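Take a look at the structure set out below.
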Number of protein chains: 2
Amino acid sequence: MDTTEILITIRRIVRSINLESKKIQKEYGVSIPQLLCLSYLHASRNFQSTQGEIRRFLNLNSSTTSGIIDRLENKGCLARLPKQGDKRVVNIALTSKGSELLKQVPPLLHDRLSERLQSLPSIKLQQIQESLVTLVHILDIEQVEASPMLTIEEPIEETKKEISSKSQEI
Amino acid sequence: MDTTEILITIRRIVRSINLESKKIQKEYGVSIPQLLCLSYLHASRNFQSTQGEIRRFLNLNSSTTSGIIDRLENKGCLARLPKQGDKRVVNIALTSKGSELLKQVPPLLHDRLSERLQSLPSIKLQQIQESLVTLVHILDIEQVEASPMLTIEEPIEETKKEISSKSQEI
DNA sequence: GTATTTTTGTTCGCATAGAAACCAATAACC
DNA sequence: GGTTATTGGTTTCTATGCGAACAAAAATAC
């Protein structure tokens with residue numbers, strides 16, 4: 001497996017995750033980013049948070065977060081409330097409908113996948129973890145540069161690119 | 001790092017790839033899926049292929065492929081031609097504009113990423129490959145089920161799920 | 001030859017994702 | 001207090017991605 005195949009494999013992993021998200025959405029009516037958002041609210045103080053906090057938690061762009069919140073609001077899972085003291089900020093509150101939905105979904109999801117991952121030898125699992133972190137570093141060039149104190153890394157050039165060539169259908 | 005963190009890491013990898021795609025699009029006017037499509041045409045006989053072949057190569061849904069081809073057609077990078085003998089099939093032909101664009105983009109991209117991957121110890125690279133393949137198997141549950149002759153795999157239940165919980169902003 | 005099934009690719013609808021533009025509110029500066 | 005800079009979130013636009021529906025064409029069955 002060379003560079004190209006690694007990239008192709010990543011694309012396939014991404015696709016699987018997206019397909020899974022679609023299945024969950026069909027079955028439960030919420031997507032994974034939506035679920036992540038609801039989970040965050042559930043774990044927040046007073047089951048509330050701000051759009052900015054959710055955005056940072058999800059590590060997404062502001063407009064994307066706004067869209068996710070819109071759709072959850074339309075579903076009745078959360079509500080937008082004004083925040084005392086700062087009129088720019090919108091408080092996002094989990095509704096009981098959202099809370100109920102959370103009770104149905106996460107345990108099923110988490111258990112199944114954990115099951116599979118934990119059936120692996122722990123050495124294997126460790127490998128996966130390290131490999132993913134390595135990939136993050138390779139791809140997250142900006143992050144590495146932003147923290148020169150992290151570790152000894154080889155000098156990495158500014159602009160990183162990604163390539164593609166053939167991929168084979170399975 | 002447990003299951004949740006693996007999932008979170010995957011999400012971060014996905015994000016990096018998407019951000020990279022955005023940069024490339026801004027700089028060269030084409031996205032990575034579009035580049036993949038053009039590359040495939042370039043390597044095809046007579047610089048032509050069918051929508052179905054491109055779809056299988058990209059491993060994408062038909063409507064997605066149609067959209068990608070639409071946008072490349074609008075850019076003048078490819079053309080839709082009828083196929084002799086089967087009126088359902090559309091031949092997709094790379095234009096010289098598309099060919100020229102390919103000359104500018106891919107070498108830069110591929111080289112940079114290869115460079116970084118190949119600067120890793122070969123053991124590390126091997127780990128990454130194996131880990132990705134393992135993840136593919138875990139996520140590609142349907143593939144494994146569809147091919148019971150592949151290898152000895154533990155019995156895997158039908159519906160797999162994915163979970164999420166906290167992720168931290170870096 | 002006719003009826004049915006399968007194939008091919010397009011359209012539509014929905015969601016995610018980012019960039020850019022925007023505006024109101026707040027903070028910082030003088 | 002007035003001016004400038006920053007912040008927070010929304011809107012608009014573009015692209016990717018999937019599923020469902022669809023129509024035409026081809027393949028298959030009788």
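Just so it is clear, the structure is predicted and the values come from calculations on it, not from any experiment. Order of the sequence lines fixes the chain letters, A, B, ..., with proteins taken first and strands second; residue numbering starts at 1 for each chain.
When distances run from any side-chain atom of A/Ile68 to the nucleotides D/dG9, D/dG17, C/dT16, the shortest one goes to C/dT16. Distance from the side chain of B/Lys87 is smallest to D/dA26 among D/dG9, D/dT14, D/dA26. For A/Arg88, whose side chain is taken as the heavy atoms from C-beta onward, the closest listed nucleotide among D/dT16, D/dT7, D/dA24 is D/dT7.
Judged by distance alone with a 3.5 Å cut-off, no donor-acceptor contact links the side chain of A/Ser63 to the base of C/dA17. For A/Thr64 against C/dG18, a side-chain-to-base donor-acceptor contact under 3.5 Å is present.
Checking the phosphate oxygens (OP1, OP2) of C/dA19, a side-chain nitrogen or oxygen of A/Asn61 falls inside 4.0 Å. The side chain of B/Lys26 contributes an N or O atom lying less than 4.0 Å from OP1 or OP2 of C/dA20. Close to C/dA15, at under 4.0 Å from its OP1 or OP2, lies no side-chain N or O of A/Ser31. The shortest distance between the side-chain N/O atoms of B/Ser66 and the OP1/OP2 oxygens of C/dT11 is not below 4.0 Å. OP1 or OP2 of D/dT10 has at least one side-chain nitrogen or oxygen of A/Arg80 nearer than 4.0 Å. Between B/Gln34 and D/dT16 there is a side-chain polar atom (N or O) within less than 4.0 angstrom of OP1 or OP2.
Taking atom CD1 of residue B/Ile54 and atom C1' of nucleotide C/dT8, one finds them 13 Å apart after rounding to whole Å. Rounded to a whole Å, the CZ atom of A/Arg55 is 14 Å from the C1' atom of C/dA17. Between the CD atom of A/Gln25 and the P atom of C/dA17 there is a distance of 11 Å, rounded to whole Å. Atom-to-atom, CG of B/Asp70 to C1' of C/dC12 comes out at 13 Å; the value is rounded to the nearest Å. What separates NZ of A/Lys83 from C1' of C/dA25 is a distance of 14 Å, to the nearest Å. The distance from atom CG of A/Leu35 to atom P of C/dA15 is 14 Å, rounded to the nearest whole Å. When the C1' atom of C/dT16 is taken as reference, atom NZ of B/Lys22 falls 11 Å away, rounded to whole Å. The separation between A/Asn74 atom CG and C/dG13 atom C1' is 15 Å, rounded to whole Å.
Two residues are said to be in side-chain contact when any heavy atoms from C-beta on lie closer than 4.5 Å; B/Gln48 and B/Leu41 fail this criterion. In this structure the side chain of A/Asn91 never reaches within 4.5 angstrom of the side chain of A/Pro82, judged on heavy atoms. Contact annotation: the side chain of A/Leu38 approaches that of A/Cys77 to within less than 4.5 Å [non-hydrogen atoms, C-beta and beyond]. By the 4.5 Å heavy-atom criterion applied to side chains, A/Ile92 and A/Ile54 are counted as neighbours. A 4.5 Å side-chain heavy-atom check between A/Gln51 and A/Thr65 finds at least one atom pair inside the cut-off.
Residue B/Gly29 is classed as having no contact, given no heavy-atom separation below 4.0 Å to the nucleic acid. As judged by a 4.0 angstrom heavy-atom cut-off over every strand, B/Arg71 is placed among the base-contacting residues.
Atom CD of residue A/Gln34 and atom OH of residue A/Tyr28 lie 15.0 Å apart, to the nearest 0.5 angstrom.
Between B/Phe47 and B/His42, the ring planes lie tilted relative to each other; the angle falls in the 30° to 60° range.
Residue A/Leu78 is not grouped with residue A/Val89 when hydrophobic side chains (ILVMFWY) are merged at heavy-atom distances under 4.5 angstrom, including chains of intermediate members.
Both A/Lys75 and B/Val89 lie close to DNA chain C; mapped to their nearest nucleotides by heavy-atom distance, the more 5′-ward contact belongs to B/Val89. Residues A/Gly85 and A/Leu60 both approach DNA chain C. Their nearest nucleotides, taken by heavy-atom distance, put A/Leu60 toward the 5′ side.
Contacts of residues 46-53 of chain A with DNA chain D (heavy atom under 4.0 Å): A/Thr50, A/Gln51, A/Gly52.
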